[in-house]
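Note that the structure is a prediction, hence the values are computed from the model and not measured. All ligand and atom numbering here is 1-based and tracks the order in the structure. For reference, positions follow the sequence shown, starting with 1.
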Amino acid sequence: MVRMIMHGCNGKMGQVITEICRKDSEIEIVAGVDPYTGVENAYPVFSSIEECEVEADVVVDFAAAGAVDSLLDYCVKRRLPVVLCTTGLNEAQLAQVEETGRQVAVLKSANMSLGVNTLMDLLKSAAKVLATAGFDIEIVEKHHNQKVDAPSGTALALADSINEALDQAYEYKYDRTQERKKRDKKEIGIQAVRGGSIVGEHEVIFAGMDEVIEMKHTAYSKSIFGKGAVEAAKFLAGKPAGRYDMKDVIAAGK
Ligand SMILES: NC(=O)C1=CN([C@@H]2O[C@H](COP(=O)(O)OP(=O)(O)OC[C@H]3O[C@@H](n4cnc5c(N)ncnc54)[C@H](OP(=O)(O)O)[C@@H]3O)[C@@H](O)[C@H]2O)C=CC1
Ligand SMILES: O=C(O)C1=N[C@H](C(=O)O)C[C@H](O)C1
């Protein structure tokens with residue numbers, strides 16, 4: 001039985017994962033962390049990670065970017081593997097993630113779904129052919145009106161995947177309103193839409209002369225992220241220090 005701490009347990013994803021774990025005999029949430037107190041849970045909840053002294057095998061994080069620094073410090077101090085799913089981290093935090101991975105097992109992924117992780121691979125081969133043929137690359141993401149970060153972590157990860165296949169030759173363009181000029185060939189445009197209860201849509205557009213290819217992932221429920229995170233937690237518990245991602249979980253057949 002894997003013992004898990006749910007960081008951000010009273011948020012939307014924290015509650016989706018609480019329900020998944022309740023029905024899974026291989027994993028148990030032994031403690032939660034969340035400053036919001038308006039939710040009843042079957043496990044103890046602490047308002048900050050430092051207060052949690054419950055023994056555990058792994059931490060799963062869906063909280064807020066501002067909470068990531070203290071979470072990483074805690075995981076290093078307690079030698080705990082961590083599945084990091086919160087998006088919108090800044091450069092300094094990304095560097096701290098790298099450093100933490102030298103001391104404990106860290107799996108960071110902006111999207112825990114099988115579909116998006118498969119799309120990342122498909123994009124690499126498409127980009128190699130289409131960018132060489134002069135196609136422009138644009139990404140449009142759509143999310144619910146409660147999301148605070150933009151563009152989404154997934155949009156950035158998709159762009160990174162494409163850019164990796166193109167020898168990191170492309171710059172990301174988030175805003176075209178501040179200048180009057182044609183788009184550069186070596187750019188990936190990234191646009192964010194926010195509204196209603198859209199769970200998450202990511203569309204990659206390869207636009208060429210007289211033809212367009214669109215590759216799109218649509219999330220119809222948050223449970224796809226929750227299931228992926230729970231499988232990642234089972235995979236990561238007991239793993240040595242290092243950086244892991246969802247491809248490792250998928251390859252392990254978890
Ligand atoms: N990787 C992936 O597959 C996915 C990633 N995400 C990301 O996960 C994050 C959370 O998403 P979501 O659940 O929708 O957001 P919510 O806002 O619904 O939940 C976040 C919860 O974390 C709490 N929180 C804030 N500060 C802390 C802290 N210091 N310690 C512990 N908990 C804290 C919030 O409390 P309060 O409301 O009081 O601030 C809230 O209850 C976002 O960054 C989102 O982009 C979301 C879905 C999928
Ligand atoms: O905030 C969300 O809801 C989501 N955030 C992640 C992101 O920023 O990519 C993943 C998913 O699209 C849902």
Side-chain heavy-atom pair Asp34, Val39 within 4.5 angstrom cut-off: no

Top protein contact for atom 9 (O) of ligand 2, by heavy-atom distance: Thr154 OG1, 2.5 Å

Ligand-residue contact atoms, ligand 1 with Thr86, heavy atoms, under 4.0 Å: 8 (O), 43 (O)

Region of Phe62 that comes within reach of ligand 1 [heavy atoms, distance under 4.0 Å]: both

Whether Gln93 side chain and Asn90 backbone form a donor-acceptor pair below 3.5 Å: yes

Test item: Asn117 side-chain N/O and Lys247 main-chain N/O as donor-acceptor pair under 3.5 Å: no

Contacting atoms of ligand 1, where contact means under 4.0 angstrom from a heavy atom of Gly8: 22 (O), 31 (C), 32 (N)

Residue part near ligand 1, for Ala229, under 4.0 Å between non-hydrogen atoms: neither

Nearest-neighbour protein heavy atom for atom 8 (O) of ligand 2, which is reported as residue plus atom name and distance: Lys147 NZ, 2.7 Å

Identity and separation of the nearest protein heavy atom to atom 3 (O) of ligand 2: His144 NE2, 2.7 Å

Distance filter under 4.0 Å to Ala110 heavy atoms, resulting ligand 2 atoms: 6 (C), 7 (C), 9 (O), 10 (C)

Ligand 1-proximal atoms of Cys9, by part, heavy-atom distance under 4.0 Å: neither

Sub-4.0 Å atoms of ligand 2 with respect to non-hydrogen atoms of His202: 12 (O)

Ligand 1 contacted by Ser109 (non-hydrogen, < 4.0 Å): yes

Ligand-residue contact atoms, ligand 1 with Lys147, heavy atoms, under 4.0 Å: 45 (O)

CD on Glu50 to OG on Ser70, rounded to 0.5 Å: 5.0 Å

Shortest protein contact, atom 13 (C) of ligand 2 (heavy atom only): His143 NE2, 3.6 Å

Interfacing atoms of ligand 1 (cut-off 4.0 Å, heavy-atom, Val33): 31 (C), 32 (N)

Contact partition for Gln146 relative to ligand 1, non-hydrogen atoms under 4.0 Å: neither

4.5 Å side-chain heavy-atom contact, Asp184 and Glu171: no

Non-hydrogen protein atom less than 4.0 angstrom from atom 39 (O) of ligand 1: no

For Ser152, atoms of ligand 2 separated by under 4.0 Å from a heavy atom: 7 (C), 8 (O), 9 (O)

Qualifying residue, where the test is salt bridge (charged side-chain N to carboxylate O under 4.0 Å, His left out) with Lys216 and the options are Glu141, Glu201, Glu203: Glu201

Under 4.0 Å to a heavy atom of Gly153 - the qualifying atoms of ligand 2, by number: 7 (C), 8 (O), 9 (O)

